[in-house]
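All values derive from a computational prediction rather than experimental measurement. Both counts, for ligands and for their atoms, begin at 1 and track the order of listing. What's counted below: heavy atoms across the whole structure, side chains too, no hydrogens, waters or symmetry copies.
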Amino acid sequence: MATLLQRLRRLGPYIRHGRAGIAVAAGASLVAALTEPALPALMKPLLDRGFVAGAVQLWMVPVAIIGLFSLRGLAGFVAQYALNWAAGQGVQALRVRLFGHLMRAEPGLFTRHTASSLINMAVYEVQGATTQLVSSVLTLVRDSLTLTALLAYLLYLNWALTLFIALLFPAVAWVMRTAGQRVQRLTREGQRANDSLAYVVEENVLAWRIVRLHGAEATQTTRFERQSDLLRRLTLKSVAASSTMTPLTQILAACAMSAVIVVALWQSAQGGQTVGGFVAFVTAMLMTLPPLRHLADVTAPIVRALTAIERSMELIEEGPAERGGSHAPARAAGRIELRHVTLSYGAERANALEDLSLEIRAGETVALVGPSGAGKSSLVNLLPRFLEPASGSVLLDGVALPSWDVQALRRQFALVSQDVVLFDDTIAANVALGADVDRERVRHALRSAHLLDHVDSLPQGIDMLIGHNGRELSGGQRQRLAIARAIYKDAPILILDEATSALDSESERAVQAALDELMRGRTTLVIAHRLSTIEHADRVVAIDAGRLVEQGTHAELLARGGLYARLHAIQFRNA
Ligand code: ADP
């Protein structure tokens, strides 16, 4: 039980805002608990004197009983409401911290956890577990107070007999602890099974076209069934573990009770016990049974809920937030330098980049070419620090990236890639993403990206909501929206990952013009597959298997007849 208390205490920072509610709930629970022994206490005078004519005023009986239950009902309501209010504050605080952590955590977090497990934690587990925790804690508090009040009354009536009942407690505590440990282990396994189940759904929802096309429905269903069945079995085991607590506790209680009744009857046979006293004692004792039973029932949900909430708290404490330095100029010149950079995705894999050195002047346009898997994306991902090199260093304007303030560093880059990510918000908000919406600038950016005509033809124009991940836009429109976003950001360095690949040739020319405009005066890195991009680049850098193989202008590299000339021969034969 001590460890349970310690674990509850760990929640402290999250329930701080709900302190007032907890205090009110505790007060109300205390009042409700104190009304419990009042009922057997009423029995005693009623039985001892009620049957003697004139000793008790009749009107007092309903007043006392109804008054008592009203008070108890009111106190119960207040306690429940106040505690749930406090819990709501706690859920809100925990959720916001969890999401805040996702916003700031170092990028490795996203490779360690699947999206579905993070969704599970932030959306479902925190809420479900807290609801469970609150109702269980409320029961725990109310019933232990009730129990204490009843025991105090019993002690007052007959201390010797009460000690019999007290013997119960260590035994009950032992049962609760043993079963609690098992419940905790099963809960952890259940969480993992739950995540895997959600992951199967996530994959299949995202990839439904491929699944149908390949007729993979049956294998995917089997996969789902297997995960679901695992979860079912774990849940059942957990229920079995928690359900053994109740009968065990009850048997213990029955042993104590029968002993007490025997002794009490024996005592009253010796005389010195009134009927009222005996009935009050037995009533109070019987009344200890429901709270005692609840106490046994409540351990499992508390353990389950705590285990779930702790997972979220561990995530928040896991891994540091991204750390940067203090170098934070408003705008970089855009000179990039890689010095002997080696990058690895894991010890057992070949290095994605191997001792790669490269210098890019401010304002230069560099086309990165190379076979797929050569390391072009990895190189580009180093720049905004989405990846960290294993050795070597990357510098922007002569300052090593770790010395840059992370946000200031990322202000220097605009990215247009093949997979355009759009948010469920207005077009204007998607263009301005993260910055204040300046409507004129948004229109200008859309115009430069040759998207304004289309947007103006929409009913709400730039205030149109574009739905989950821009479902309402065509591939080409999405790409142009991404370009508009880059134009709006007006960063000194551009990263283009074949930005115009999804465009038809007419809008491609238009967008290419917009991009040329955009690239002027900016450092630009293009992961290039198209000949026109490469021909216009100041320099072509060919990468193979993580190494820089050759660099020069398009014409120079063609003349050299190396990797680039070979790639060129394959890719642009028809161009
Ligand atoms: P390119 O962009 O030239 O196609 P990448 O930079 O994507 O190449 O990949 C370089 C190498 O790194 C490849 O061997 C690829 O398998 C590996 N790689 C890329 N991303 C990851 C990742 N997230 N985890 C593990 N390996 C990766």
Side-chain angles (χ1 to χ4, degrees), residues 102 105-118 199 202-203 206-207 318-319 322 336-358 360 365-394 401 410 413-421 479 482 486 493-502 523-531 533-534 537 539-552 554 557 562-572:
L102 294 187
E106 39 83 39
L109 177 121
F110 298 103
T111 52
R112 284 193 302 275
H113 299 275
T114 62
S116 38
S117 96
L118 294 172
Y199 188 64
E202 181 188 315
E203 277 185 341
L206 290 178
E318 168 196 312
E322 276 187 307
I336 297 168
E337 204 180 326
L338 280 78
R339 290 186 187 155
H340 304 289
V341 168
T342 295
L343 177 75
S344 160
Y345 284 104
E348 71 284 5
R349 293 170 197 266
N351 288 337
L353 296 176
E354 186 77 57
D355 193 27
L356 191 142
S357 296
L358 176 65
I360 300 170
T365 297
V366 169
L368 295 175
V369 298
S372 152
K376 304 178 295 290
S377 311
S378 303
L379 189 158
V380 155
N381 273 310
L382 282 170
L383 302 178
R385 284 188 76 198
F386 294 154
L387 292 172
E388 296 289 334
S391 65
S393 53
V394 185
L401 296 189
R410 292 185 185 149
F413 295 93
L415 169 74
V416 182
S417 77
Q418 279 170 345
D419 49 343
V420 181
V421 176
Q479 198 111 58
I493 303 165
L494 269 181
I495 296 171
L496 307 178
D497 187 352
E498 273 312 346
T500 55
S501 63
T523 310
T524 308
L525 263 109
V526 198
I527 297 181
H529 294 289
R530 292 175 319 110
L531 189 57
T533 321
I534 299 169
R539 184 158 43 127
V540 178
V541 171
I543 297 176
D544 191 18
R547 291 174 190 277
L548 195 157
V549 188
E550 54 186 4
Q551 53 178 319
H554 166 68
L557 292 190
L563 172 70
Y564 177 72
R566 277 204 308 284
L567 281 174
H568 181 267
I570 299 166
Q571 285 189 4
F572 306 122

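Inside a 4.0 Å radius of atom 12 (O) of ligand 1 there is at least one protein heavy atom. By the definition of a contact as any protein heavy atom under 4.0 Å away, atom 21 (C) of ligand 1 is in contact.
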side-chain contact (heavy atoms from CB on, under 4.5 Å), that's the test. Do Arg539 and Leu358 meet it? Break it down for me.
CA-CA 12 Å; Arg539 184 158 43 127; Leu358 176 65; 3.9 Å; yes
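At a cut-off of 3.5 Å, with distance as the only test, a side-chain donor of Ser378 or Tyr345 sits close to an acceptor on the other residue.
For ligand 1, the atoms lying closer than 4.0 Å to a non-hydrogen atom of Ser372 are 4 (O). Against a heavy-atom cut-off of under 4.0 Å, Ala374 is close to the following atoms of ligand 1: 1 (P), 3 (O), 8 (O). Short contacts between ligand 1 and Arg349, defined as distances under 4.0 Å to a heavy atom of the residue, involve ligand atoms 25 (C), 26 (N). Interface of Lys376 with ligand 1, defined as ligand atoms under 4.0 Å from a residue heavy atom, comprises 1 (P), 2 (O), 3 (O), 4 (O), 6 (O), 8 (O).
Contact annotation: the side chain of Pro389 never approaches that of Leu353 to less than 4.5 Å [non-hydrogen atoms, C-beta and beyond]. Looking at Ile360 and Val541, their side chains never come closer than 4.5 Å, going by heavy atoms from C-beta outward.
Taking only non-hydrogen atoms, the option from Gly373, Gly346, Pro371, Ser344 nearest to atom 1 (P) of ligand 1 is Gly373. Scanning Ala352, Gly546, Gly375 for the heavy atom closest to atom 8 (O) of ligand 1 points to Gly375.
Ser377 OG, 2.5 Å is the protein heavy atom nearest to atom 2 (O) of ligand 1. For atom 23 (N) of ligand 1, the nearest protein heavy atom (residue, atom name, distance) is Tyr345 CE2, 3.7 Å.
Remark: side-chain polar atoms of Ser344 are not paired, donor with acceptor, to backbone N or O of Asn351 under 3.5 angstrom. Panel note: side chain Glu550, backbone Tyr564; a donor-acceptor pair is recorded below 3.5 Å.
Expressed to the nearest 0.5 Å, how far CD1 of Ile336 lies from CD1 of Ile493 amounts to 4.0 Å.
With respect to the salt-bridge test (charged N to carboxylate O, under 4.0 angstrom), the residues Arg112 and Glu318 qualify.
Considering both main-chain and side-chain atoms, Ser378 comes within under 3.5 Å of ligand 1 through a nitrogen or oxygen pair.
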